[in-house]
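The sequence lines fix the lettering, A, B, ..., with proteins before strands; numbering per chain opens at 1.
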Amino acid sequence: MFSNLFNFASPQAFYPVAGRMISWFGWSAALLGVAGLYIAFFVAPTDATQGESYRIIFIHVPAAWMSMFLYLVMAGWAGLGLVLNTRLSGMMASALAPTGAMFTVVALVTGLLWGKPTWGTYWVWDARLTSELFLLFLYLGFMALKEAIDDPQRADRAGAILALVGVVNIPIIYFSVQWWNTLHQGASVSLTRAPSMAATMLAGMLVMALAAWMYSIAVSLARVRAIIVAREQDAAWVRSGTR
Amino acid sequence: MTAAIVLVLRRDLLVALRRKGDALNVLIFFVIVASLFPLGTGAEPGQLRAIAAGVIWVGALLAALLSLPRLFAADLADGTLEQMVVSAQPLPAVVVAKIAAHWLTTGLPLALIAPLLGLQYGLPGDALLVLLGAVLLGTPVLSLIGAAGAALTLGVRGAAVLTGLLVLPLFVPALVFGAGAVTASLSGIAPGPHLSLLGALLAVSLPLGLWATCAALRVALD
Amino acid sequence: MTAAIVLVLRRDLLVALRRKGDALNVLIFFVIVASLFPLGTGAEPGQLRAIAAGVIWVGALLAALLSLPRLFAADLADGTLEQMVVSAQPLPAVVVAKIAAHWLTTGLPLALIAPLLGLQYGLPGDALLVLLGAVLLGTPVLSLIGAAGAALTLGVRGAAVLTGLLVLPLFVPALVFGAGAVTASLSGIAPGPHLSLLGALLAVSLPLGLWATCAALRVALD
Amino acid sequence: MPRKMRYMLDAKDLACERGERRLFSDISLALKPGGFARLLGANGSGKTSLLRILAGLTRPAAGEVLWRGEKLGDIAEGYGREMLYLGHAPAVKDELSVAENLMFSARLSGIAASNDQCRMALEALGIGNLAPLSARVLSQGQRRRAALARLALAVPLPLWLLDEPFAALDENAISRVRALAEAHLARGGMLVLTSHQEVPIAAGNTQTVNLGV
Amino acid sequence: MPRKMRYMLDAKDLACERGERRLFSDISLALKPGGFARLLGANGSGKTSLLRILAGLTRPAAGEVLWRGEKLGDIAEGYGREMLYLGHAPAVKDELSVAENLMFSARLSGIAASNDQCRMALEALGIGNLAPLSARVLSQGQRRRAALARLALAVPLPLWLLDEPFAALDENAISRVRALAEAHLARGGMLVLTSHQEVPIAAGNTQTVNLGV
Ligand code: HEM
Ligand SMILES: Nc1ncnc2c1ncn2[C@@H]1O[C@H](COP(=O)(O)OP(=O)(O)OP(=O)(O)O)[C@@H](O)[C@H]1O
Ligand SMILES: Nc1ncnc2c1ncn2[C@@H]1O[C@H](COP(=O)(O)OP(=O)(O)OP(=O)(O)O)[C@@H](O)[C@H]1O
Ligand SMILES: [Mg+2]
Ligand SMILES: [Mg+2]
């Protein structure tokens, strides 16, 4: 009964749609990125206590958000594939993982660079930092597991199980600043409270976050197209060049 | 259900009994890891006491990890696993029994020897009790998560290392709360919250670990 | 002789590298192990520096131990081992190659990344060099002794207990000297004696490990 | 509905894919009590894969398998209580004795066999004298016999799925297994097997599924 | 001395003990170029054990095996360069492709086979198309074929020892292996094999060693 509802989930139907969407998202990402960086480096004022170094926030925070968000999306696709046995879901999860891992690395590296001037050290073993590091390990584990299994269908299902189990790490990252008292600061952007930072800073961060979002969509779509072609080599529609 | 658990448990324990070396290896490894530190760090009593809980917990994690490759791989190779999946017994019961057997042959011995090691590190009496409680609560978590990791990597080349890569991040909370309980008790803070967090962890990982293991085993055989 | 070594080495490396991630997994796994310790023990820079060498050595030992089961067991089960024994190539050459492949895929990557981890733990420059040297000298010892242990456990009943009792204690000198060299250099003492003891250990375990492995393999197949 | 009632095992339009390659498609197979199906085909044609689909181990790429009119996925262990699958891995643990091995695997199939019954089952395969030995010391054929001894206990299970049961057996063992299979069919059991050896099995109702090259 | 010169392989009064039990004793077997010996016996009678003694893997409880007049223990790898042993474990590594597996195992026997030769050897067993596939995906019979492809390369080795070479093979594969064995005998090679299947092999000089029940 799901067959109609999830008709778009066939790789064949999805391939051309994805092709058309990529450029839209790609251009939006570029434009938003330029705008965000402009706000970050030219509009936003110098911070009273941290000087210029605080500007890392415009990359750090969106990257950290994306790293967690993409994991949830990836796990969502993976779970969908496990339940409904749709081929496309596993490919989507595979396509999202490298981008998620990339944002995790960015969050870690910008955090490291920021830590030196503010905390006086690159790295401390605090709960937020450590759980973010383990998010990276989860992404890497997901990719390693998929890489290690020959049969793509089996790899999809095994990867999905891992991704779903790893979801427990996300609340740990997010709430770690509340659960343990750490060096890292707590959430300052919240839906329930008035933001505690300058409006331009907030705007810059949100624009950068949107850019990251668009970028993720564009890159994942491009990657999923490549995966579709690689996996469906035998399928007639690929060979006949309908793409 | 209970009958199935008892059946598989008896069988696994019998096999373990016939290969005593495996369980012993884990125990010896644990002792070596734990006793290496006084050697490596230049035994200052104060320092030792401070790191004792951490060292013992890391030892427990690694020992659990070391014993994981054996959990399902042999059963897969000789066809026992497929017999278990097509058997008249529910797969979750089989998996519960296998995990229980794993805990009885690795986690429990570790829990029993941990207070001895703590003594070696100069932990006071009440901290020893907390340590015992924490290890008793925490090692089943290790077995549960570990089983899921072992099942996911079944039949994969380099499975042992891949398993480590997959499960160690998930082991971390157990380590944090387990070591935290002992450290808290050392500094005169009540270890209760840490221990109940450990209990919560067990409660979460029981269904999650079971589900993941069963699902992964079916995938491995497909 | 050399041709045989190259042949088996190439084959084993090919098997190992068939999975692109395999060597990488060892590294990531090692990094995780090394990150666990500070987490469990609390995070004071002075303390960290003191335990750095111990942590890295335990990581190396664990990586060696984890990878041992797959050294010969798979070859025994699928018949490759008996083919190697009846082959046109001398058995010691085959064994040298297998041990070398094991070291190249576990020991060497660890040795190369160990200084990076040392950096993370705040070790000074000269201690890092000592660490690199010690790990380079020590990991082949682990591979050699480990291979003998893995060969002994094949087939022979009850040998597992024996291995546990023989091999793990034999690992300890490597750990003690290896960690000792770094600790010495940290406290401003020359690490030379420790390193030369490690070298001596390697010189002893090379012929001994080879001989024991070959003999044990023949016994396992008889 | 009528089809459901007539056949105990009913596999419809099965297809199997391995590594993006289609091994077979549109294979159907239906068994009534006493029915016997022989799977034929060259090496690699997909006999083992088909048998694993019938056992519920592998999911077919298309088609479905019904047992007593219900889909396999929905009945899970219920099917396990009525079906015996013997793959080419013998599922015999080196660490246990031959008798212990048999006892545990019978229990796993839901058959509570007494020590005496196990002994008799081993005798039915001609390895009664090996009962107390560790399975490690068995020869290749003895190991297969130890696995096949389950058949002698599996009288209550109506469906047997056997993958190459005669491989590595000597003549004596082959005729013993054959006798067990024929008795099973005679009392209304069902049997699906693959075999490269031409072993004639008497059955009221024989069908052949040829998977080709 | 005269006996030494007449026979290439000369096994005298062999006995084998396993777990304190004597499997067989006073078994003798001698082969000249072109000679063929078939080992018969029930499951567990000791055929594999005898073959392993001939290969130098197991030491006999009594008696000795001479190759070109020298005792096996004294010649070690020298024997390995002239003898091919195929046990029932196929020695095929899952991680390597079918072609790589063959190439490495040929090298191990001292045969430097080119890629083309490997390809042709696989074709001789009817699995040329599987050459680039990972051995993990092979079916049981395909895996045996991949192991047996060594025979097509082992032309320079005068002595072949084969344990159940026909098990799990379909008819086509059996006749291919049989052809390889007959060609080997015809060019003066020697062959010892065990088989429960009655596969006739034409040889100038056939002997049968019956190990009984
Ligand atoms: C490698 C080290 C670091 C890691 C892994 C890391 C990780 C994260 C993560 C995951 C978030 C998003 C979670 C949330 O929104 O609540 C975040 C946000 C943030 N981080 Fe970091 N961080 C690191 C270092 C730093 C440093 C050194 C600073 C500055 C002192 C910093 C300042 C912030 C700020 C201000 C936010 C935004 C919080 C908010 O407004 O919600 N981080 N970081
Ligand atoms: N992951 C995979 N990728 C490609 N091919 C695969 C994969 N897994 C299995 N195969 C192929 O599927 C077939 C499996 O067949 P199966 O084991 O069912 O054969 P069979 O008929 O039982 O053969 P045999 O007589 O040799 O036992 C083989 O041809 C094998 O090469
Ligand atoms: N350690 C041991 N203790 C007791 N018996 C042993 C031991 N090792 C082997 N055996 C016995 O030795 C015999 C080994 O026989 P072998 O494997 O040579 O048989 P085979 O003739 O090749 O049989 P098959 O036809 O089944 O392959 C078996 O009967 C086995 O039970
Ligand atoms: Mg088959
Ligand atoms: Mg045999």
Toward chain B, the part of A:L82 with a non-hydrogen atom under 4.5 Å: side chain
CH2 (B:W103) with more than 12 external heavy atoms under 6.0 Å: yes
A:I161 and B:W211, any side-chain heavy atoms less than 4.5 Å apart: yes
Chain A contact via B:L154 - side chain, backbone, both or neither, heavy atoms under 4.5 Å: backbone
Max heavy-atom pair count under 4.5 Å with chain B, selected residue of A:L145, A:V165, A:D151: A:L145
Contact leader toward chain A among B:L170, B:L208, B:L166, B:V204, where contacts are heavy-atom pairs under 4.5 Å: B:L166
Under 4.5 Å from a heavy atom of chain A, the part of B:L152 involved: both
Closest non-hydrogen atom pair between B:L165 and A:A144, with its separation: CD2-CB, 4.2 Å
Worked check of side-chain contact (heavy atoms from CB on, under 4.5 Å) between A:F137 and B:L168: CA-CA 9 Å; A:F137 289 138; B:L168 278 179; over 6 Å; no
Side chain to side chain, B:D222 and A:R157, heavy atoms closer than 4.5 Å: yes
